[in-house]
Amino acid sequence: MKYIMLIDSGTTNSRIRLIDQSSSAVEGSVKVEAGVRNTAMSGSNEELKQAVKQGIEKILRDNSIQKQDIQYILASGMITSNLGLHEVAHQKAPADTEKLAAAMEKRCLEEMLYIPCYFIPGLKSMEEIEGRTEVLDVMRGEETEAFGLLDVMQLSGDGILMLPGSHTKWIRADGCGKLLWSSTSLSGELLKAVQSRTILSDSLPEGLITKLDERALWKGFSAAETMGVNRALFQIRLQHLSGSTEENERANFLTGVIFHSDITALKEMNQQNGGWVLIGGSFPLKDAAASLIKRTLPEIEVIEASSEQVERGAWRGPLVIAEQKEELSK
Ligand SMILES: O=C(O)C(=O)C[C@@H](O)[C@H](O)CO
C-alpha cells in the first residue's frame with residue numbers, strides 16, 4: 001500500500017495525517033504540541049523541527065510502515081512561513097486550487113526524513129491605496145482548509161467562511177472555485193494571553209471552556225457591548241471575588257467578551273458582501289461563534305459545519321490542491 005502524509009502546522013499545534021493513496025482514507029493521525037509560536041518565542045525553529053520529526057516517526061511506527069511507503073508529504077499552514085520549516089511566498093488572492101498547486105515548492109528535508117515534501121503557499125489579499133499596493137491580510141493553512149471545507153459542503157452561491165482559532169479568519173468565497181480575500185483577528189491567541197498572562201489567571205481555568213454555557217457567553221458579549229472590552233474583562237475578577245460563578249462560566253464569559261469585536265466585524269462584512277456564512281474551526285470556538293452569530297445576526301444564513309465535516313475538510317484541502325498538480329495527480 002502507498003501513502004500520502006499531510007502536515008498542517010498552526011500557531012500552537014501541528015497535525016500529521018496518513019492517507020491511503022488509492023482510497024483516500026485516513027489511516028492515522030498524530031497531534032504534535034508544537035507550532036510556530038515556539039519559533040516566535042525561542043527565536044529558533046529547532047523545537048518545531050524536532051517535534052515534526054518525532055511526529056512523522058510516531059505515525060510510521062504506529063502504522064508499522066517505512067518512510068519508503070510514503071509517496072510524498074503535503075505541508076500547509078505556518079510551516080511554510082518564515083517561522084516554519086521552509087518559507088514559500090504568499091500567492092495573491094483571488095486564487096483557486098490550480099493557482100496554489102502551481103506555486104507549491106518541493107523540498108527534501110532531514111526533519112522530514114528526506115521524504116519529498118510539497119509546501120503549499122498561503123494567500124495574501126492586496127489593495128491599491130493611493131497608488132501604493134498594500135497588504136490587507138495574509139493566511140497560511142486556512143486557504144487549504146477553506147478549499148477542503150467547500151469541497152465537503154458543496155454549497156451553492158457565494159459567502160464568507162468564518163474559521164475561529166488562534167487567529168480567527170474570514171474568507172470570502174465567490175461560489176465559482178475562487179477565494180477572493182481574507183481578514184484576520186487575534187481572538188484565540190488573545191483568549192490564551194488573557195488567561196495565562198494577566199491577573200485573570202487566578203479566575204480562569206487553564207484550558208478555558210470545557211462546556212458551552214450560552215448564558216455566560218452572551219453575558220460576556222453584552223458586557224463588551226455596553227462597557228467596552230477592557231472593563232468587561234475585569235468583570236471576570238469581580239465575578240470570581242463575589243463567588244457567584246464557576247470557572248467554566250467565567251471562561252464562557254471571557255469568550256463572549258473577546259468575540260464581541262469578531263461578530264461586529266462579521267456583521268459589517270456580511271452587510272457589504274451578502275451571501276451565506278459558513279462556520280468551521282473546532283470546539284469550543286466554533287460552537288461559541290455559532291451561538292453568538294445566530295443570536296445577534298438572525299438575518300444571516302448561517303451554516304455550521306459539523307465536527308466531522310470540519311475534520312474531513314482538513315484532509316480534503318491539501319488533496320484537492322495536489323489533484324491540480326500533474327506530477328501528483330497520476
Ligand atoms: O501568513 C502568515 O505569515 C500569517 O501570519 C498568517 C497567520 O494568521 C496564519 O494564517 C495562522 O494560521
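In each ligand, atom 1 is the first atom listed, and ligand 1 is the first ligand listed.
Between Lys219 and Glu249 there is no salt bridge, since no side-chain nitrogen of the basic residue lies less than 4.0 Å from a carboxylate oxygen of the acidic one. Salt bridge annotation for Glu57-Lys67: absent, with no cationic side-chain nitrogen under 4.0 angstrom from a carboxylate oxygen. A salt bridge does not link Asp174 to Lys178: none of the charged side-chain nitrogens sits closer than 4.0 Å to a carboxylate oxygen.
Atom 10 (O) of ligand 1 has as its closest protein heavy atom Glu142 OE1, 2.7 Å. Regarding atom 3 (O) of ligand 1, its nearest protein heavy-atom neighbour is Arg140 NE, 3.5 Å. Nearest protein heavy-atom contact of atom 9 (C) of ligand 1 is Met78 SD, 3.5 Å. Annotation: atom 1 (O) of ligand 1 to nearest protein heavy atom, His90 NE2, 2.7 Å. The protein non-hydrogen atom at the shortest distance from atom 7 (C) of ligand 1 is His167 ND1, 3.4 Å.
If you look at Phe221 and Phe259, their ring centroids are not closer than 6.0 Å.
The minimum heavy-atom distance linking Lys286 with Ala305 is given by the pair NZ-O, 2.8 Å.
Proximity of Glu87 to Thr80: side-chain heavy atoms (C-beta onward) are nowhere separated by under 4.5 Å.
Put simply, part of Lys169 is less than 4.0 Å from ligand 1, judged by heavy atoms.
Per-residue contacts place Val138 under 4.0 angstrom from the following atoms of ligand 1 (heavy atoms of the residue considered): 1 (O), 2 (C), 4 (C), 6 (C).
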